[in-house]
Undergrad: 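Below is a structure I'd like to ask you about.
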Amino acid sequence: MIDHIELVFNEALNKDYSLEVIDILEHPDLAVEDNVIASPTLIMELPPPEKRLIGNFKDYKKILLELNILNTTDD
């Protein structure tokens, strides 16, 4: 799943992004620190305001729309 998200972000953002993957089973303290209550969770910190998406990330167009990376007029 992470590879697919990276491919979509590479294309949509021209590789101008930072993606950090945290295994909450290995680092539950980080999940608590970031208030992660479900897995998988995608958190976009910048630009503000922070946005969080939880669940299935198969619909990448929807993810880009939710994160305001793609607008409704884009293909």
Undergrad: Look at the side-chain heavy atoms of Ile, Leu, Val, Met, Phe, Trp and Tyr, link any pair under 4.5 Å apart, and say whether I43 and I63 land in one connected group.
TA: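 Different clusters: I43 never reaches I63 through Ile, Leu, Val, Met, Phe, Trp or Tyr contacts under 4.5 Å.
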
Undergrad: In the single-linkage hydrophobic clustering (I, L, V, M, F, W, Y; side-chain heavy atoms under 4.5 Å), do L7 and F57 co-cluster?
TA: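 Different hydrophobic clusters.
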
Undergrad: Run I24 and L30 through side chain to side chain contact (heavy atoms under 4.5 Å, CB included) and show every step you take.
TA: CA-CA 7 Å; I24 61 173; L30 295 176; over 6 Å; no

Undergrad: Look at atom CG of L46 and say whether more than 12 heavy atoms of other residues, nucleotides or ligands are closer to it than 6.0 Å.
TA: yes

Undergrad: What are the two closest non-hydrogen atoms of F9 and L42, and how far apart are they?
TA: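 F9 and L42 have their closest heavy atoms at CZ-CD2, 4.1 Å.
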
Undergrad: Which heavy atom of E6 sits nearest to which heavy atom of L19, and what is that distance?
TA: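 The answer is CG-CD2, 3.5 Å.
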
Undergrad: Grab the two heavy atoms, one from N35 and one from R52, that are nearest each other, plus how far apart they are.
TA: O-NH1, 3.5 Å

Undergrad: Nearest 0.5 Å, please: how far is CD1 in I5 from OH in Y17?
TA: 9.5 Å

Undergrad: So, D23 side chain and L25 main chain: donor-acceptor pair closer than 3.5 Å or not?
TA: yes

Undergrad: Are V21 and V32 linked, directly or through intermediate hydrophobic residues, by side-chain heavy-atom contacts shorter than 4.5 Å (ILVMFWY only)?
TA: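 Per the 4.5 Å side-chain linkage, V32 and V21 are not co-clustered.
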
Undergrad: Do you know which two heavy atoms are closest between I22 and H27, and how far apart they sit?
TA: CG2-CB, 4.2 Å

Undergrad: Under the criterion side chain to side chain contact (heavy atoms under 4.5 Å, CB included), I'd like the reasoning laid out for I69 against L13: C-alpha separation, chi angles, the key distance, then a yes or no.
TA: CA-CA 8 Å; I69 295 170; L13 300 171; 3.6 Å; yes

Undergrad: At what distance, to the nearest 0.5 angstrom, does OH of Y60 lie from CD of E11?
TA: 13.0 Å

Undergrad: If I take atom CE from residue M44 and atom OG from residue S18, how far apart are they, to the nearest 0.5 angstrom?
TA: 13.0 Å

Undergrad: Can you name the closest pair of heavy atoms from K51 and E66 and give their distance?
TA: CD-O, 3.7 Å

